[in-house]
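Chain naming here is simple, since letters A, B, ... match the order of the sequence lines and numbering starts at 1 in each.
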Amino acid sequence: MQRSVRQLRPFLPSSKSRLQRSPLVSAARHNHQDAQTTTAASSSAGGANLNNGSEQGSRTTHFGFKTVPEEQKENLVRNVFESVASSYDVMNDAMSLGVHRLWKDDFVARLKPGARGPMRCIDVAGGTGDIALRILDFAREKYADRETSVDVVDINAEMLKEGYKRFKKTMYHNTPQVAFKQANAQDMPESEFSSNTYDLYTIAFGIRNCTSIPDVLKEAYRVLKPGGTFACLEFSRVNNPLLSTLYDQYSFSIIPLLGTILAGDRESYQYLVESIRKFPPQPEFAKMIADAGFTTGAMHEGKGGAWTDLWGGIASIHTGVKI
Amino acid sequence: MSLISASRRATQQASRNLGALAPATRAVSSPRRWQKRSVNTQPAYEGHVPLNWFEAGFLTVGSALMALANPRRGDMVAALGDLTSGPVLPRLRDAMLASAEGRQILKDRPRVNSHTVDMDKLALLPEGTFGNAYVTWLERCGVTPDTREPVHYVDDPELAYVMQRYRECHDFYHCICGLPVNVESELALKFFEFANLGLPMAGFAAAFGHLRLTQAKRERLFREFVPWAIKCGSSAQSLITVYWEKRWEQNVEDMKKEFGIWDPPEPRWSRPLSEAKAAAVRRQQAAEAKLQQAAS
């Protein structure tokens, strides 16, 4: 295989000590062959899966702006979240200047958990428990509902640990209202997650990290009861060109630097902002939700539409109902 | 109208800067003459992170605050060093080019870490040699030639190497000056480095580091060590030009005379020399045993 491209020539000709490279970069280096042939395609496709075959004929997908074999993406994402887990909440506050809290409050308020009696909810990719806690608090405060329960599911044990720690500080610890389960959103075992059990399926800022979005949507459809709601909060496309320029500048300049300064980890935050750009835009994602079998609103934004933009499209809430 | 064109220019600027931060994904093709960009956004060496002026400023302030708040963040201290070293590195590189030894270093680009420094071989050297003194010093202070944070934010690869060389030779400076690794000795050495090499980061560390000391230690530092450091550092040869790895067998005292370095006032060692010497003897014996085993 061609060695890595000229631009990365080491400035040390005889260095026996290979500096510890994160798996992200080594994966990228190994796949430079793919990157060169698929970069043009991947930057315009914006789709979840790229089936461009490399010389080996393996399926590849995007990992931020890099192209990696599909099997590797899960590992790479796991490594990212393992390394960011302990500072995840702090970094979220720093990067979004606290705005992510407003988005999450808005998201849960729109869903009104507990309005029609106790619900069984599942919060996927919910590691640190932000959404789960908001759901339980909302049901308790607005509707005096102490029967609503949330299953917090995440593929990453480190993130779940952080969630468990946070819940220990609340009144829901050791109650049947919250449970923590480790599982892959694309493939949740039927023994633990039987079909037609949940009233509400939420996934906040997690679906863009999954390798195959259609599989996640299929699993969501399976575990929801008929009449259950699917709700997804995710970073999305900003259509206003001025806002989009400012947002890009902020994302690509400030966020990796904040990652370097606060968490000592530039690569993970570089991946995070790149993965936002690779996620399908609102109409496309709404179509994917409809294709999975959900009934969504009309293909437009806002009231009666399949999605609602927050802050001009920086974040977006997509909903669907299983009929 | 002007808003749209301004927005378009901003988008172009953004896409240039985007390139700066997604370097590994750009397909490489040497740009044609009229397509050369004024801003270099490809990484120039492994580990290079190109920054534009705004990002460099942001990181300078951020890393300074972080390094002050949490001095254990070696990567932040290193980042601050990289970003503030700008005008001084070319001068150091020119000093290296002016001496034959320095030119050899720039050609070979040797690295100093646990792989490239053969500790066993050095332990076998007779007492009084630089190699033996170095191993004894490492033993006495309880440190190893560990991998220092690599250089990320210097744009020119050769200057990046000079910066890396400076960081890796820091322990050699400790050894030749006979200073341990406690805070007051590190500060004394930072004064010495600032006087000898002129790097701003050494200056910052010297200027602000002493605030963490007790009054008594600070007084001792300024009364005894700083005058030594400034006098010795400024009159000595520029130590960045020394090819330490070729001088293991050389006598330490001869080296000090050659460079123009004299001993500082007696610092505070955590371990007595006798203990270190005993450990060095043990290490020597172990190394000899290993050699014999390998030979048989």
Requested in this report: Would you please go through residues 74-84 of chain B and name the residues with a non-hydrogen atom below 4.5 Å from one of chain A, in numerical order?
Outcome: Asp75(B), Met76(B)
Query raised in the report: Quick one: salt bridge (Lys or Arg N to Asp or Glu O under 4.0 Å) partners of Glu301(A), sequence neighbours excluded?
Result: none
**Report entry** Under 4.5 Å from a heavy atom of chain B, the part of Thr260(A) involved
**Finding:** both
Query raised in the report: Do Arg237(A) and Glu284(A) meet the salt-bridge criterion of a basic N to acidic O distance under 4.0 Å?
Result: no
Report task. Under 4.5 Å, counting heavy-atom pairs only, tell me which of Ala69(B), Gly62(B), Ser63(B) racks up the most with chain A. Result -> Gly62(B)
Query raised in the report: Where do Phe279(A) and Phe285(A) land on the ring-ring contact (aromatic ring centres under 6.0 Å, His included) test, with the steps shown first?
Result: CA-CA 8 Å; Phe279(A) 191 70; Phe285(A) 184 50; 5.0 Å; yes
Query raised in the report: Is the number of heavy atoms from other residues, nucleotides or ligands under 6.0 Å of Trp311(A) CH2 greater than 12?
Result: no
Report summary line: Of all heavy-atom pairs linking Glu55(B) and Phe252(A), the shortest is OE2-O, 4.4 Å
Query raised in the report: Does Arg103(B) have any salt bridge (Lys or Arg N to Asp or Glu O under 4.0 Å) partners at least two apart in sequence or in another chain, and if so, which?
Result: none
Requested in this report: Hey, could you give me each pair passing side chain to side chain donor-acceptor pair (under 3.5 Å) that has a residue in residues 89-100 of chain B? Not counting sequence neighbours.
Outcome: Arg93(B)-Glu158(B)
